[in-house]
Student: 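Handing you a structure now.
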Amino acid sequence: MSSKSVKLPIIAFPSTAELVPEPLGVVLVISSWNFPFGLSLEPLIGAIAAGNAVVVKPSELAPASAAVLAETIPSFLDNKAIKVIQGGPSVSQQLLQLKWDKIFFTGSAEVGRMVMAAAAKHLTPVIMELGGKCPAIVDSLSSSWDRQMAMKRIIGGKFGTCAGQACIGIDYILTEKKFAPILVEQIKVLMKNIFGENPVEAKSMARIVNKHHFLRLKQLLDDPLVKSSIVVGGSLDENHLFIEPTILVDPPLNALIMKEEIFGPLLPIITLENIEESIDFIKDRPKPLTIYAFTKNRRLRQRLIFETSSGSVTFNDTIVQYAADTIPFGGVGESGFGRYHGKFSFDAFTHEKAIANRNFLTDFWFRLPPWSDYKLQLFKSAYRFDYLSLLLITLGLKKSWSGSSNSTQSSPPPKTTNY
């Protein structure tokens, strides 16, 4: 990409400046298993566009996809500059021992901390795409059409994204107590229409990625107080790694299901007396990757934008913010840091080098020692870009600093052609 001219203050005249993008060097991309192609290729595209050499380490939990990437990429890209390395945690550990110019990691916060610790040894900058518990605020929508559209998008944003195994999927719902029965009933009806009477036979419902994650989700439901809050679904088939889309109402807030990122087809609904309470509920917890809100309430929308912190806020829909390449994707706080997508991917793997250029025609004599109060007053005005004071002091129409008996305080400027 070509350089970008930037303006300098008048005090620097005559001069020019520009920002020149340059590649960082050799970068490491460690991707996740839930979207193995997209989470590998999108940062790869940005890194290549910026001129970097790249090593991609796809997740070992999606071995078939990793194999396709390893076999396909060398056929179309320069194998000397772009490499795909397969393997498990031991391979990742070996890669992290090396010095990189940037590391791009997508995965859990637990593994992210290990990546950061390894990167810190070489002062390597990192981008962390982590996740967290993304809430969906569902206001008491009065229109039946609005409710139906909202429920469809909620089901798609929770169960349609790899059965909830997505960092941007809905983790839980916040709604008013009086609206909760309507919400549950409509979701129940729509889920039956979408997944049928027996969801295990539905080809649209993904399976859990492996037995480890299946048992982790099962453990979340094994808590007796959590199990008693199930109002829809709840069946599990360990042999086929299938968990039925499950709705829970008011599970204990101190249960694991409300503390850890769920990453599966379990959807708790937390009821509130007033929907405005959702602001404090979100603020009391780690910053999420995204906040979804289904509402027409302008005040609530403004409060969500300005009183909460998250990677993004999406109103009246889910997931669409990820698909748009004109807005950045990334987290904040424990949900990650750094951003990419579209032009932001190029920026993520680029250093903008500042270039300043002056000629030898003129100079400001007061910028160099020996110092005097008069010089320092001129320098102070110049530093503040206070051109009027600079002119008045130079012409002797404004006195320099008071309170000093130093005779240099009001001495006139030396005769020079440089000013």
Student: Is the charged tip of Arg285 near the ring of Phe281: under 6.0 Å from the six-membered ring centre and within 45° of its axis?
Tutor: yes
Student: Find the distance between CZ (Arg147) and CD (Gln186) and round it off to the nearest 0.5 Å.
Tutor: 5.5 Å
Student: Please check if atom CD in Glu197 has more than 12 non-hydrogen atoms from other residues, nucleotides or ligands closer than 6.0 Å.
Tutor: no
Student: Which label fits Phe379 and Tyr383: parallel for a plane angle under 30°, tilted from 30 to 60°, or perpendicular past 60°?
Tutor: parallel
Student: Check whether any side-chain heavy atom of Thr295 sits under 4.5 Å from a side-chain heavy atom of Ile137, and report yes or no.
Tutor: no
Student: State, with a plain yes or no, whether a side-chain heavy atom of Tyr322 is found less than 4.5 Å away from one of Leu289.
Tutor: no
Student: How far does CD1 of Ile154 sit from CE of Met149, to the nearest 0.5 angstrom?
Tutor: 11.5 Å
Student: Quick one: closest heavy-atom pair of Trp33 and Leu61, and the distance?
Tutor: CD1-CD1, 3.5 Å
Student: Among all residues two or more places apart in sequence or in another chain, which pass the ring pair (Phe, Tyr, Trp, His ring centres under 6.0 Å) test with His351?
Tutor: none
Student: Closer than 4.0 angstrom, basic N to acidic O: yes or no for Glu334 and Lys287?
Tutor: no
Student: Within the 3.5 Å criterion, strictly below it, is a donor on Ser32 or Asn34 matched to an acceptor on the partner's side chain?
Tutor: yes
Student: Which pair of heavy atoms, one from Leu236 and one from Gly234, lies closest together, and at what distance?
Tutor: CD1-O, 3.0 Å
Student: Go through the steps for Ile269 and Leu248 under the test side chain to side chain contact (heavy atoms under 4.5 Å, CB included), then give the verdict.
Tutor: CA-CA 6 Å; Ile269 297 175; Leu248 310 92; over 6 Å; no
Student: From Lys7 NZ over to Ser15 OG, what is the distance, rounded to the nearest 0.5 angstrom?
Tutor: 13.0 Å
Student: Any side-chain heavy atom of Arg207 within less than 4.5 Å of one from Phe214?
Tutor: no
Student: So, does Gln377 use its side chain to make a donor-acceptor pair with the main chain of Tyr374 at under 3.5 Å?
Tutor: no
Student: Establish, yes or no, whether a centroid distance under 6.0 Å links the rings of Phe104 and Tyr340.
Tutor: yes
Student: May I ask you to check whether Ser5 and Glu18 show a side-chain donor-acceptor distance below 3.5 Å?
Tutor: no
Student: Considering residues at least two apart in sequence or located in another chain, which fulfil the salt bridge (charged side-chain N to carboxylate O under 4.0 Å, His left out) criterion with Glu42?
Tutor: none
Student: Report the C-alpha distance between Asp250 and Thr271 in whole Å, list the side-chain angles of each, state the deciding distance to 0.1 Å, and finish with yes or no for side chain to side chain donor-acceptor pair (under 3.5 Å).
Tutor: CA-CA 6 Å; Asp250 286 328; Thr271 62; 2.7 Å; yes
Student: Looking at side-chain heavy atoms only, is the closest gap between Ile187 and Ile247 below 4.5 Å?
Tutor: yes
Student: Can you see which heavy atom on Pro251 is nearest to which on Met258, and at what distance?
Tutor: CG-CG, 4.2 Å
Student: What are the two closest heavy atoms between Thr290 and Ser312, and how far apart are they?
Tutor: OG1-OG, 2.7 Å
Student: Taking Lys83 for the side chain and Asn79 for the main chain, is one N or O donor matched with an acceptor at less than 3.5 Å?
Tutor: yes
Student: Which is it for Ser229 and Val249 under the side chain to side chain contact (heavy atoms under 4.5 Å, CB included) test, yes or no, and what are the steps along the way?
Tutor: CA-CA 5 Å; Ser229 69; Val249 175; 5.6 Å; no
Student: Please report the interatomic distance CD1(Ile155) to CG(Leu190), rounded to the nearest 0.5 Å.
Tutor: 4.5 Å
Student: Any salt bridge (charged side-chain N to carboxylate O under 4.0 Å, His left out) pairs touching residues 262-279, not counting sequence neighbours?
Tutor: Glu276-Arg299, Glu276-Arg303
Student: Mind listing the closest non-hydrogen atom pair of Ile127 and Ala348 along with its distance?
Tutor: CD1-CB, 3.5 Å
Student: State whether the side chain of Ser228 and the backbone N or O of Leu225 hold a donor-acceptor pair below 3.5 Å, judged by distance alone.
Tutor: yes
Student: For Lys177, is the NZ atom crowded, meaning more than 12 foreign heavy atoms sit under 6.0 Å from it?
Tutor: yes
Student: Flag yes if more than 12 heavy atoms outside Arg113 fall under 6.0 Å of its CZ atom; otherwise flag no.
Tutor: no
Student: Can you list the steps and then say if Ile45 with Ser345 is a side chain to side chain contact (heavy atoms under 4.5 Å, CB included)?
Tutor: CA-CA 8 Å; Ile45 291 168; Ser345 296; over 6 Å; no
Student: Determine whether Asp171 and Phe263 make a side-chain contact, defined as any pair of heavy atoms from C-beta on separated by less than 4.5 Å.
Tutor: no
Student: Measuring from Leu378:CG to Trp365:CH2, what's the distance to the nearest 0.5 Å?
Tutor: 5.0 Å
Student: For the pair Ser372 (side chain) and Lys375 (backbone), establish whether a donor and an acceptor sit closer than 3.5 Å, ignoring hydrogens and angles.
Tutor: yes
Student: Cut-off 3.5 Å, side chains only: do Ser381 and Ser389 have a donor facing an acceptor?
Tutor: no
Student: Return the OG to CD1 distance between Ser92 and Ile30, rounded to the nearest 0.5 Å.
Tutor: 5.0 Å
Student: Does Glu261 come within less than 4.0 Å of Lys133, counting only side-chain N to carboxylate O?
Tutor: no
Student: Would you indicate whether Lys99, at its atom NZ, is surrounded by more than 12 heavy atoms from other residues, nucleotides or ligands within a distance under 6.0 Å?
Tutor: yes
Student: Which atom names give the shortest non-hydrogen contact between Leu266 and Pro268, and what distance separates them?
Tutor: O-CD, 3.5 Å
Student: Angle class for the His341/Phe329 ring planes (parallel below 30°, perpendicular above 60°, tilted otherwise)?
Tutor: parallel
Student: Can you tell if the side chain of Val115 reaches within under 4.5 Å of the side chain of Leu96, non-hydrogen atoms only?
Tutor: yes
Student: In the structure I gave you, are the side-chain heavy atoms of Pro14 and Asn359 within less than 4.5 Å of one another anywhere?
Tutor: yes
Student: Is the side chain of Asp101 donor-acceptor paired with the backbone N or O of Val26 at a distance under 3.5 Å, no angle test?
Tutor: yes
Student: Could you tell me whether the side chain of Trp100 and the main chain of Ala119 form a donor-acceptor pair under 3.5 Å?
Tutor: no
Student: Which of these, Asp139, Asn316, Asp146, sits in a side-chain hydrogen bond (donor to acceptor under 3.5 Å, both in side chains) with Lys296?
Tutor: Asp146
Student: Check whether any side-chain N or O of Gln321 sits under 3.5 Å from a backbone N or O of Pro328 as a donor-acceptor pair, and report yes or no.
Tutor: no
Student: Output, in order, the C-alpha distance, side-chain angles, deciding distance and verdict of salt bridge (Lys or Arg N to Asp or Glu O under 4.0 Å) for Asp223 and Lys227.
Tutor: CA-CA 6 Å; Asp223 183 327; Lys227 186 170 291 187; over 6 Å; no
Student: Does the Asn52 side chain pair with the main chain of Gly25, one donor and one acceptor, at a distance under 3.5 Å?
Tutor: yes
Student: Starting from the C-alpha separation in whole Å, work towards a yes-or-no answer on side chain to side chain contact (heavy atoms under 4.5 Å, CB included) for Ile262 and Tyr172.
Tutor: CA-CA 9 Å; Ile262 295 173; Tyr172 63 93; 5.5 Å; no
Student: Just wondering, are more than 12 heavy atoms of other shown residues or ligands nearer than 6.0 Å to NE2 in His240?
Tutor: no
Student: Looking only at atom types and distance, does a side-chain atom of Thr246 sit under 3.5 Å from a main-chain N or O of Glu244, one as donor and one as acceptor?
Tutor: yes
Student: Is the closest side-chain heavy-atom distance between Glu60 and Gln86 below 4.5 Å?
Tutor: no
Student: Between the side chain of Gln165 and the main-chain N/O of Val209, is any donor-acceptor distance below 3.5 Å?
Tutor: yes
Student: Can you confirm whether Gln219 is buried at CD, in the sense that more than 12 heavy atoms of other residues, nucleotides or ligands lie under 6.0 Å from that atom?
Tutor: no
